Amino acid sequence: MVNVSVWQLPQSRSKSPPYMSKTQISATFEQVAILLELDGANRFRVIAYQNASRALATLEEDLFLVVKENRITEIKGIGKGIGGLISEAVLNGTWGNLGELYSKIPHGLIEMTGVPSLGPKRVRLLYEKLKIDSLEKLKYACKDNQIALLQGFGQKSQEKYLEGIDLLKRYQGRNRLDVGLAYGRALEEKISKIPNVVKAQLAGSARRMKETIGDLDIVLAAKAEHQDGIIQEIMNFSGIADIKGQGTSKISLILEAEMLAEPIVNNEMDTALLESITERSTNATIDAQIRIVNPEIFPFTLAYFTGSKEHNIRMRQRAIDKGLKLNEFGLFSQNKAEDKISIEAVKNTLVCSNESQIYKNLGMDWIPPELREDMGEIEAASKRNLPKLIKLEDLKGAFHNHTTSSDGAATLKEMANYAINLGWEYLGIADHSESLNIGGRQIGIPSGEIINQSIEIKKLNKYFQNENINFKIFHGSECDILSDGKLDYSLDLRNSLSHVIGSVHALGSWKNRDESTNTEFLIKAIEDPTFTILGHPTGRILQGREGFPVDMHAILREMAEFNQEGILKAVEINASPFRLDLDWRFCKYAKELGVPICINPDAHDTQGLNDVWYGTKIARKGWLEDKDVLNTKNKSEIEILFGK
DNA sequence: GCCGTTTTCGGCCCGACTGTTTTCAGTCG
């Protein structure tokens with residue numbers, strides 16, 4: 001979850017405790033886990049740091065408070081050792097003896113583990129035996145035939161590493177959800193068309209709708225006698241950059257852009273997904289794993305490879321508690337499963353023809369894939385208490401959209417017509433405010449000109465009324481939150497609008513300040529009486545740039561207080577697949593606090609309105625139901641809320 | 001390094017595939 005880019009221990013800029021934020025400590029522990037692995041540490045110690053990192057990232061409470069009250073080891077996954085480190089980081093701003101680990105491991109080893117089939121153990125061995133501590137040195141050693149001569153290595157490993165170094169340059173790491181889905185659906189469809197394929201379905205993080213996708217997992221069901229032939233057909237697909245591995249039950253491929261050559265025909269997906277395909281650099285690649293199983297095993301394999309890993313661990317534990325054993329081949333009674341692993345064991349499985357029966361056998365409701373992150377869904381499904389997740393059809397409009405008056409490509413009228421065709425009851429227009437400049441060019445609407453937009457909107461609304469069209473345009477603004485937390489435009493102007501979406505655009509000063517200062521300024525903006533919705537709360541661009549540091553839990557708590565007093569302060573899920581900000585991990589907390597969430601496409605053209613598809617998926621991932629989302633309300637309800 | 005209603009030790013999810021071995025360790029998901 002944490003983007004690891006700088007390999008050093010954070011230094012505090014604060015003059016008094018808390019010296020470190022939970023985000024900083026969480027990111028540090030993720031790095032520590034990697035360094036420990038390279039150091040040859042016990043693998044469970046590595047896992048302990050990974051778990052602690054995750055526990056901190058999902059901690060809703062104020063960390064400083066937890067540390068002060070000596071409750072740090074009450075958090076599951078944090079014991080005496082790691083708890084001590086956390087307290088020290090928060091109260092003193094120091095990191096115990098972690099500094100030793102950081103200076104001991106050459107950081108070049110980290111990028112070496114990125115080479116396919118080269119892991120921490122072998123990287124360490126290469127470093128110890130040949131003093132290789134960078135990709136360059138590795139490349140040289142391969143060409144110089146040094147690797148093949150090493151004990152435990154050979155000619156094939158050497159060739160693989162050399163190839164891997166080149167592939168690494170084309171590999172972009174994770175991919176945005178839209179890009180991952182485009183590749184995933186393309187491969188899924190191609191495989192489905194092969195004769196004798198009973199079923200092929202995308203699993204993994206793409207099925208769980210994670211905001212970024214590492215690699216693709218596809219589960220393929222076919223009768224045993226057809227499997228070899230099908231594997232051969234897949235290997236002959238165009239658009240395969242490399243074959244990483246191939247067995248009787250699994251193929252591991254690297255896909256390249258040619259995979260997308262044939263258009264996807266899929267009635268569920270919208271144009272936004274198809275558009276994303278063309279935006280993709282043609283030289284980039286994505287990894288894909290295909291599992292081939294007999295049809296009766298399919299639901300188990302699908303569930304297993306949908307994950308997440310954390311969800312699966314809990315599921316297996318639950319099976320054990322019930323005297324059963326769950327794996328990717330079936331659900332067995334413990335005694336019958338003895339000594340029978342893998343495909344042989346299937347003869348003893350409890351028959352489940354779909355995923356829902358697997359959950360049922362474990363005394364649970366079927367869990368939608370988006371929720372399978374071990375964020376409380378196991379408990380909820382056991383108590384038959386899962387949320388009734390929001391659907392795309394529940395949306396009645398959206399509030400954050402642009403027109404040609406600022407940096408949009410479509411006119412007010414074009415945007416409105418498209419929204420009407422989507423079946424919406426309203427469209428909120430929120431063009432940029434006066435201060436927004438990009439590259440010296442003014443993007444936002446000058447305060448003197450906003451009246452023109454207002455007149456045009458009133459005219460259109462009158463027309464809709466006269467023609468008996470149940471549709472209204474709400475005139476808002478995406479108003480810049482300036483670096484000191486003040487809002488752009490005059491108070492009078494903001495008061496004249498139906499809604500004010502406060503967004504940070506000039507990220508510079510926000511990225512250079514610490515978390516608590518940013519949180520303070522953002523709260524100041526939210527407190528402004530004209531402020532309605534917080535736009536793209538951190539300013540992140542997925543796979544592009546990190547957002548500015550801010551304590552989102554604290555922000556949401558602040559917004560909750562206003563809502564308790566009946567004053568609307570909502571937070572947006574920016575539905576653009578480039579952003580998906582608010583992060584879904586905060587949605588459940590917002591929901592529990594009663595802070596309304598708004599799924600906003602931030603559309604800059606008519607097609608952009610379709611991005612609410614992604615926003616809805618992310619909202620589902622964040623446990624949201626229709627009642628938690630502001631833009632599921634109908635037109636008249638919104639008129640009352642906005643007072644316009 | 002964490003955890004505990006078989007609790008202070010001995011587990012911690014586990015199977016496929018690969019290459020280098022001649023029975024297995026490392027990597028990956």
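Quick note: numbers below take in every heavy atom, side chains included, and nothing from hydrogens, waters or symmetry partners. Values in this document were obtained by computation on a predicted structure and should not be read as measured data. Chain A is the first sequence line, chain B the second, and so forth, proteins listed ahead of strands; every chain is numbered from 1.
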Whole-angstrom distance between dG11(B) and dA16(B), as gauged at atom C1': 24 Å

Q31(A) side chain to W7(A) side chain, donor-acceptor N/O pair below 3.5 angstrom: no

Phosphate OP1/OP2 of dC17(B): any S249(A) side-chain N/O under 4.0 Å: yes

Partner of K621(A) by salt bridge (Lys or Arg N to Asp or Glu O under 4.0 Å), out of E370(A), E211(A), E373(A): E373(A)

Sugar-phosphate, base or nothing in reach of F29(A), heavy atoms under 4.0 Å: nothing

Residue pair E256(A) / T285(A), side-chain donor-acceptor N/O under 3.5 Å: no

Sugar-phosphate, base or nothing in reach of T248(A), heavy atoms under 4.0 Å: sugar-phosphate

Sorted by number, the residues of residues 154-164 of chain A with heavy-atom contact under 4.0 Å to DNA chain B: G154(A), Q155(A), K156(A), S157(A), K160(A)

Touch class at under 4.0 angstrom, heavy-atom based, for N312(A) against every strand present: nothing

T212(A) and R176(A): side chain donor to acceptor below 3.5 Å: no

is_close_aromatic(Y49(A), F29(A)), centroid dist under 6.0 Å: yes

Any residue of residues 71-79 of chain A with a heavy atom less than 4.0 Å from an atom of DNA chain B: I75(A), K76(A), G77(A), I78(A), G79(A)

Sugar-phosphate, base or nothing in reach of V115(A), heavy atoms under 4.0 Å: sugar-phosphate

N or O in side chain of K309(A) less than 4.0 angstrom from dG15(B) OP1/OP2: no

Sugar-phosphate only, base, or nothing, as touched by N51(A) at under 4.0 Å among non-hydrogen atoms: nothing

Touch class at under 4.0 angstrom, heavy-atom based, for Q246(A) against every strand present: sugar-phosphate

Sorted by number, the residues of residues 35-50 of chain A with heavy-atom contact under 4.0 Å to DNA chain B: N42(A), F44(A), R45(A), A48(A), Y49(A)

